Chemist: 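Below is the structure I would like to discuss, written out as structure tokens.
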Amino acid sequence: MAARDYGQYSGITRALELVGERWAMLIVRDLLVGPRRYGELAAGLPRIPSNILAARLKELQSAGVIRRMPRSRVIVYELTEYGRELEPVVLALGAWGYRALDDPREEQLITPDSMTIDLRTAFRASVAESLPSTAYAARVGGAELLVRVDGSRLDVSRGDGPADLAFTAGAGIRRLILGELPADRAIATGVVEVRHGEAALLDRFASTFRLAA
């Protein structure tokens with residue numbers, strides 16, 4: 001039985017009964033990046049109470065959206081095939097919400113998983129196909145990511161590494177991704193700080209990762 005019953009017989013109401021509870025879609029979002037231990041999920045969602053996280057995991061597991069799996073002598077949570085079908089929904093919802101973002105409040109965080117999904121949301125494979133393979137080492141808020149683009153393929157992993165362009169940015173990077181701020185102005189105004197590589201490659205990044213404002 002769903003924690004919330006809307007009393008209507010339709011696909012959208014059933015979907016909301018399964019994944020519409022508070023925090024549920026953010027758990028799905030983080031698991032779209034990869035399997036996570038309980039503690040990793042808690043760390044990625046620092047405001048979620050432990051009892052709510054446990055409840056949501058139990059509900060999502062009962063709904064067949066996630067499963068618990070042993071891995072290297074620990075238990076991880078991962079999406080089922082049914083759960084992974086939510087990916088286009090999460091990306092579309094993220095694109096819709098991204099355009100409504102304001103400046104962040106002081107207490108709001110950018111996590112590696114949230115930034116990974118934002119990049120996947122903004123990735124334009126059709127544009128990347130015509131560009132040379134490029135690796136970006138991006139530090140955005142609290143997220144440190146290695147972003148590799150090879151044609152229409154995108155790979156985002158945590159940490160640093162060899163890159164054609166290494167840069168640091170805050171939440172203001174959204175203006176670059178939304179096309180509100182050209183790459184050269186982003187650098188000139190300090191929204192983006194280039195740490196290594198040709199500054200002109202930031203324009204390639206902005207072309208590859210773009211959401212219409």
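Note that this is a predicted model, so its numbers are computed, not measured.
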Chemist: Are Leu119 and Phe205 packed together at the side-chain level, in the sense that at least one heavy-atom pair is separated by less than 4.5 angstrom?
Modeler: yes
Chemist: Report yes if some heavy atom in the side chain of Leu41 is under 4.5 Å from a heavy atom in the side chain of Leu57; otherwise report no.
Modeler: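 Leu41 reaches Leu57 side chain to side chain.
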Chemist: Within a 6.0 Å radius of atom CZ on Arg195, are there more than 12 heavy atoms belonging to other residues, nucleotides or ligands?
Modeler: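 More than 12 within 6.0 Å, yes.
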Chemist: Work out which heavy atom in Ala163 is nearest to a heavy atom in Ala137; give both atom names and the distance.
Modeler: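 Minimum heavy-atom contact is CB-N, 3.5 Å.
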Chemist: Quick check: are there more than 12 heavy atoms from other residues, nucleotides or ligands sitting under 6.0 Å from OH of Tyr6?
Modeler: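 Above 12, so yes.
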Chemist: Can you get from Val149 to Leu146 by hopping between Ile, Leu, Val, Met, Phe, Trp and Tyr side chains that sit under 4.5 Å apart?
Modeler: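 Result: no, two separate clusters.
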Chemist: Quickly, which of Leu32, Leu91, Val65 forms a side-chain contact (heavy atoms from CB on, under 4.5 Å) with Leu86? Name it, please.
Modeler: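 That would be Val65; it is the only one of Leu32, Leu91, Val65 passing the side-chain contact (heavy atoms from CB on, under 4.5 Å) with Leu86.
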Chemist: Would you call Phe167 and Ile187 a side-chain contact if the rule is heavy atoms closer than 4.5 Å?
Modeler: no
Chemist: Is it possible for you to say whether Leu154 and Met115 belong to one hydrophobic cluster, with membership spreading through side-chain heavy-atom contacts below 4.5 Å?
Modeler: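 Cluster IDs for Leu154 and Met115 match.
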Chemist: Any chance you could measure Arg71, atom CZ, to Glu78, atom CD, to the nearest 0.5 Å?
Modeler: 5.5 Å
Chemist: Nearest 0.5 Å please: distance from the CZ atom of Arg22 over to the CD1 atom of Ile52.
Modeler: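 Reported to 0.5 Å precision, the distance equals 9.0 Å.
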Chemist: How long is the gap from CZ on Arg36 to CG on Leu79, to the nearest 0.5 Å?
Modeler: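 The CG atom of Leu79 is 10.5 Å from CZ of Arg36, to the nearest 0.5 Å.
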Chemist: With a 4.5 Å heavy-atom cut-off, do Arg29 and Leu45 have their side chains touching?
Modeler: yes
Chemist: Side-chain contact, heavy-atom cut-off 4.5 Å: Arg47 with Trp23?
Modeler: yes
Chemist: Flag yes if Tyr82 and Met25 sit in one hydrophobic cluster, no otherwise; membership is Ile, Leu, Val, Met, Phe, Trp, Tyr, and two members link when side-chain heavy atoms are under 4.5 Å apart.
Modeler: yes
Chemist: Quick test of your reading: applying salt bridge (charged side-chain N to carboxylate O under 4.0 Å, His left out), list the pairs with at least one residue in residues 154-163, sequence neighbours left out, ordered by first then second residue.
Modeler: Asp113-Arg158, Arg139-Asp160, Arg148-Asp155
Chemist: Taking the side chain as every heavy atom from C-beta outward, state whether Val89 and Val28 have any pair of such atoms under 4.5 Å apart.
Modeler: no
Chemist: Sort out for me which residue in Val156, Thr121, Val147 forms a side-chain contact (heavy atoms from CB on, under 4.5 Å) with Thr116.
Modeler: Val156
Chemist: Quick one: pull up CD1 in Ile177 and OG1 in Thr208 and give me the separation to the nearest 0.5 Å.
Modeler: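 Rounded to the nearest 0.5 Å, the CD1-OG1 separation comes out at 11.0 Å.
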Chemist: With a cutoff of under 4.5 Å between side-chain heavy atoms, which Ile, Leu, Val, Met, Phe, Trp and Tyr residues group with Val74?
Modeler: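 Its cluster partners, ordered by chain and number, are Met69, Val76.
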Chemist: Could you tell me which non-hydrogen atom of Pro46 sits nearest to which non-hydrogen atom of Ala43, and how far apart they are?
Modeler: CD-O, 3.6 Å
Chemist: CG/Leu178 to CG/Leu101 distance, rounded to the nearest 0.5 angstrom?
Modeler: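 Rounded to the nearest 0.5 Å, the CG-CG separation comes out at 7.5 Å.
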Chemist: Return each pair, listed once, that meets side-chain hydrogen bond (donor to acceptor under 3.5 Å, both in side chains) where at least one residue sits in residues 125-135; pairs must be two or more places apart or across chains.
Modeler: Ser133-Asp150, Thr134-Arg204
Chemist: Answer with yes or no whether the hydrophobic clustering places Leu26 together with Ile48; edges join I, L, V, M, F, W, Y residues whose side-chain heavy atoms lie under 4.5 Å apart.
Modeler: yes
Chemist: Between Arg14 and Glu17, does at least one N-O distance fall below 4.0 Å, as a salt bridge requires?
Modeler: yes
Chemist: Could you tell me if the side chain of Leu176 sits less than 4.5 Å from the side chain of Val191, heavy atoms only?
Modeler: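 No. Closest side-chain heavy atoms not under 4.5 Å.
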Chemist: Looking at every non-hydrogen atom in both residues, tell me the closest pair between Ala186 and Leu202 and how far apart they are.
Modeler: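 Closest heavy-atom pair between Ala186 and Leu202: CB-CD2, 4.4 Å.
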Chemist: Quick check: is Leu16 connected to Ile66 through a chain of hydrophobic side chains (ILVMFWY, heavy atoms under 4.5 Å apart)?
Modeler: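 Result: no, two separate clusters.
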Chemist: Give me the atom names and distance for the closest heavy-atom approach of Ala95 to Leu211.
Modeler: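 Result for this residue pair: CB-CD2, 3.9 Å.
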Chemist: Say you draw a straight line from CD of Glu85 to OG1 of Thr80; how long is it, rounded to the nearest 0.5 Å?
Modeler: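 OG1 of Thr80 is found 8.0 Å from CD of Glu85.
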Chemist: Determine, step by step, whether Glu59 and Arg56 satisfy the salt bridge (Lys or Arg N to Asp or Glu O under 4.0 Å) criterion, reporting the C-alpha distance in whole Å, the side-chain angles of both residues, the deciding distance to 0.1 Å, and the verdict.
Modeler: CA-CA 5 Å; Glu59 292 162 5; Arg56 292 296 171 267; 3.2 Å; yes
Chemist: How about Gln108: does its CD atom have over 12 heavy atoms from other parts shown lying under 6.0 Å from it?
Modeler: yes
Chemist: Counting N and O atoms only, with roles assigned by atom type, does the side chain of Arg124 sit under 3.5 Å from a partner on the main chain of Phe209, one being a donor and the other an acceptor?
Modeler: no
Chemist: Between Arg174 and Asp103 (salt bridge meaning N to carboxylate O under 4.0 Å), is one present in this structure?
Modeler: yes
